[in-house]
Amino acid sequence: MSVFIHHAAEAAIADWIERHLRDALAGGNDPVAITVPGGSTPFPIFERLARRDLDWSRIEIWPGDDRVVPEDHAASNTGRIRAIFEPAGARVETLGEDADLPPFALTWLGMGADGHIASLFANTDPDPDDPRRVRRLTPDPLPAEAPFDRITLTIPSLIATRALMFVIRGEEKLAVFEKAARGEGDLPIARLLARARGHGIPITCFT
């Protein structure tokens, strides 16, 4: 399975996601679930997407990871995601260790310069065959800007999806991603991409 890399502005990325959601919604009457990242990059895209004319009442949004803080804390991804998408009519789920996860129509991820995805940092040694769907863990070192434990989807949960999408900004991060996409290294991103390719999941990266 190839990895497709495109340069795109925020509006074009929102267009792509909208088309993907429309196709998923047209495929039946069941809810459509997606998982999305936190961090600074996705929120301007979230704001554009939430204004699109979709049947948001049938869309469930799951954070791919979060800091273990109350949702009204400034560091909470879930709280910020909820504030954008719930007024549009979507259902935003809280990620818990016992979460009953659906299969995803789309897994949207970012990536750190160290090759971590969601909160699967290298020190956590993420297992591509992890028997657990969700894990609570402690990054090491703890990022100074967010020194909190994390809760995160595992690799098997992230690839239980119809499509995998990344938004990666910056040449340094893109170089790490491209190396992993070539099958090189053993960073969390490399483990994820290898397993996704093995399952035939289409992978799109926007830069």
Side-chain angles (χ1 to χ4, degrees), residues 1-6 8 10-39 41-42 45-46 48-50 52-66 77-78 81 84-85 88-95 99-111 117-120 126-135 152-168 177 180-181 183 188-207:
M1 177 64 63
S2 299
V3 179
F4 299 98
I5 299 178
H6 309 279
E10 292 167 356
I13 297 170
D15 289 344
W16 187 92
I17 299 167
E18 179 185 0
R19 289 194 298 271
H20 192 86
L21 287 172
R22 285 194 187 281
D23 288 346
L25 289 165
N29 297 316
D30 293 333
V32 170
I34 65 172
T35 179
V36 301
T41 298
I45 304 169
F46 291 164
R48 290 178 179 272
L49 186 62
R52 302 301 172 90
D53 184 20
L54 290 162
D55 185 358
W56 289 105
S57 67
R58 288 180 52 209
I59 297 174
E60 296 178 3
I61 300 176
W62 290 80
D65 70 317
D66 207 351
N77 290 332
T78 306
I81 293 167
I84 292 173
F85 285 109
R91 178 173 176 175
V92 177
E93 302 286 356
T94 299
L95 190 61
D100 183 15
L101 298 172
F104 297 118
L106 177 66
T107 291
W108 172 1
L109 286 168
M111 188 202 73
I117 37 92
S119 281
L120 299 174
D127 181 359
D129 295 310
D130 196 327
R132 296 181 62 178
R133 304 293 307 278
V134 180
R135 283 196 178 271
T152 183
L153 297 179
T154 59
I155 289 177
S157 295
L158 292 168
I159 64 167
T161 186
R162 290 172 53 188
L164 190 59
M165 184 196 99
F166 293 83
V167 180
I168 294 177
F177 180 87
I189 180 63
R191 296 184 186 187
L192 176 89
L193 292 179
R195 189 50 55 95
R197 283 196 300 268
H199 284 75
I201 298 167
I203 303 166
T204 302
C205 178
F206 293 102
T207 66

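Remember, predicted model here, so these are calculated numbers, not experimental data.
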Looking at side-chain heavy atoms only, is the closest gap between Ile45 and Trp108 below 4.5 Å? yes
Would you say Thr161's side chain and Thr107's backbone share a donor-acceptor pair under 3.5 angstrom? yes
Does Ile13 reach the side chain of Met165, with side-chain heavy atoms less than 4.5 Å apart? yes
Would you check if the side chain of Arg48 reaches a backbone N or O of Glu10 as a donor-acceptor pair within less than 3.5 Å? no
Taking every non-hydrogen atom, the tightest pair across Leu164 and Ala196: CD2-CB, 3.9 Å
Apply side chain to side chain contact (heavy atoms under 4.5 Å, CB included) to the pair Phe166 and Leu193, showing each step before the final yes or no. CA-CA 11 Å; Phe166 293 83; Leu193 292 179; 3.9 Å; yes
Of all heavy-atom pairs between Ile189 and Ile117, which one has the smallest distance, and what is that distance? CD1-CG2, 3.8 Å
Heavy atoms only: give me the nearest Pro63-Ile81 pair and the separation to one decimal. CB-CD1, 4.2 Å
Using modelled atom types and a 3.5 Å cut-off, is there a donor and acceptor pairing between side-chain atoms of Arg162 and backbone atoms of Pro103? no
From Thr78 atom OG1 to Glu93 atom CD, the distance as rounded to the nearest 0.5 Å: 10.5 Å
Pair Phe46, Ile61 - check side chain to side chain contact (heavy atoms under 4.5 Å, CB included), show working. CA-CA 11 Å; Phe46 291 164; Ile61 300 176; over 6 Å; no
I need the Leu109 CG to Ile159 CD1 distance, nearest 0.5 Å. 11.5 Å
Between CG of Leu95 and CG of Asp66, what distance do you get to the nearest 0.5 Å? 7.5 Å
Please report the closest heavy-atom contact between Pro37 and Pro42, naming both atoms and the distance. O-CG, 3.7 Å
Reported CD1-to-CZ distance for the pair Ile155 and Arg132, which is rounded to 0.5 angstrom: 15.0 Å
Side chain to side chain contact (heavy atoms under 4.5 Å, CB included) for Phe104 and Leu158? Distances and angles first, verdict last. CA-CA 8 Å; Phe104 297 118; Leu158 292 168; over 6 Å; no
Electrostatic pair Asp100:Arg133 at N-O distance under 4.0 angstrom: no
Looking at Asp129 and Arg195, is any side-chain nitrogen of the basic one under 4.0 Å from a carboxylate oxygen of the acidic one? yes
Between Thr154 and Asp130, do the side chains contain an N or O donor and an N or O acceptor separated by less than 3.5 Å? no
On a heavy-atom basis, which atom in Asp65 and which in Gly38 lie closest, and how many Å separate them? OD1-N, 4.4 Å
Spacing of Leu106 atom CG and His20 atom NE2 [to the nearest 0.5 Å]: 4.5 Å
Derivation and outcome, side chain to side chain contact (heavy atoms under 4.5 Å, CB included), residues Phe206 and Ile17: CA-CA 11 Å; Phe206 293 102; Ile17 299 167; 6.0 Å; no
Considering all heavy atoms of both residues, which atom of Glu18 and which atom of Leu49 are nearest to each other, and what is their separation? N-CD1, 4.0 Å
Do side-chain atoms of Thr35 reach the backbone of Trp62 as a donor and acceptor pair under 3.5 angstrom? yes
